[in-house]
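Written below as structure tokens is the structure these notes are about.
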Amino acid sequence: MTPEKTFADANAMATTLNEIAICASRALGVIDRDGHRGITSLSVIQIDAMAVMLTLLGLVPTPPGSAPPTTLLIPVTEEA
């Protein structure tokens, strides 16, 4: 994946959930290892992968300056 491509791009549709999860996991590993300094070394793609995973896990976004919604997590159900 090239640096200019993000998971939000329409061209990234071929990216699998597993690839996104691996990218997010590695980014989390950098933060876990390096603390706050690790956050500044993440790429846009790694940050995007973590945001995608949070969305898939049911976290509801709160726009800047808005009060958080009453329900912050939407339960994720597995489809058959």
Side-chain angles (χ1 to χ4, degrees):
M1 181 167 280
T2 59
E4 58 276 351
K5 186 188 283 186
T6 67
F7 293 115
D9 290 339
N11 293 333
M13 296 298 276
T15 301
T16 66
L17 178 57
N18 192 53
E19 290 171 327
I20 294 169
I22 289 169
C23 183
S25 176
R26 287 188 175 138
L28 188 57
V30 170
I31 295 168
D32 188 48
R33 182 191 66 202
D34 300 337
H36 287 113
R37 183 175 294 275
I39 294 169
T40 62
S41 70
L42 297 179
S43 70
V44 172
I45 290 173
Q46 290 171 309
I47 294 167
D48 199 21
M50 289 193 300
V52 167
M53 291 307 299
L54 287 170
T55 302
L56 292 173
L57 292 171
L59 183 64
V60 176
T62 303
S66 298
T70 306
T71 303
L72 284 172
L73 287 173
I74 298 173
V76 178
T77 57
E78 197 170 318
E79 294 184 28

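No hydrogens, no waters, no symmetry mates; every other heavy atom, side chains included, goes into these values. Positions are given from 1, in the same order as the sequence printed here. Everything numeric in this text was worked out from a predicted model, so none of it was measured.
Checked against side chain to side chain contact (heavy atoms under 4.5 Å, CB included), D32 has no partners two or more places apart in sequence or in another chain. Applying the side chain to side chain contact (heavy atoms under 4.5 Å, CB included) rule to P63 yields the partners S66; only residues at least two apart in sequence or on another chain are considered. Looking at residues two or more places apart in sequence or on another chain, you find no side chain to side chain contact (heavy atoms under 4.5 Å, CB included) involving L28. Take P61 and apply the side chain to side chain contact (heavy atoms under 4.5 Å, CB included) test, not counting sequence neighbours, and it matches no residue.
No continuous path of ILVMFWY side-chain contacts below 4.5 Å connects M53 to I47, so the two sit in separate hydrophobic clusters.
Put simply, the side chain of L17 reaches to within 4.5 Å of the side chain of L56, judged on heavy atoms.
Hydrophobic cluster of L73: the remaining members, joined at side-chain heavy-atom separations below 4.5 Å, are L54, L59, listed by chain and number.
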Under 3.5 Å, which donor-acceptor pairs link side chains of residues 38-45 to any protein atom two or more places apart or in another chain?
{"unit_1": "T40", "atom_1": "OG1", "unit_2": "R37", "atom_2": "O", "d": "2.7"}
{"unit_1": "S41", "atom_1": "OG", "unit_2": "G38", "atom_2": "O", "d": "2.8"}
{"unit_1": "S43", "atom_1": "OG", "unit_2": "I45", "atom_2": "N", "d": "3.4"}
{"unit_1": "S43", "atom_1": "OG", "unit_2": "Q46", "atom_2": "N", "d": "3.1"}
{"unit_1": "S43", "atom_1": "OG", "unit_2": "Q46", "atom_2": "OE1", "d": "3.4"}

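Under a 3.5 Å cut-off, the side chain of T55 and the backbone N or O of A51 do form a donor-acceptor pair.
The shortest heavy-atom contact between P69 and V60 is CG-CG1, 3.8 Å.
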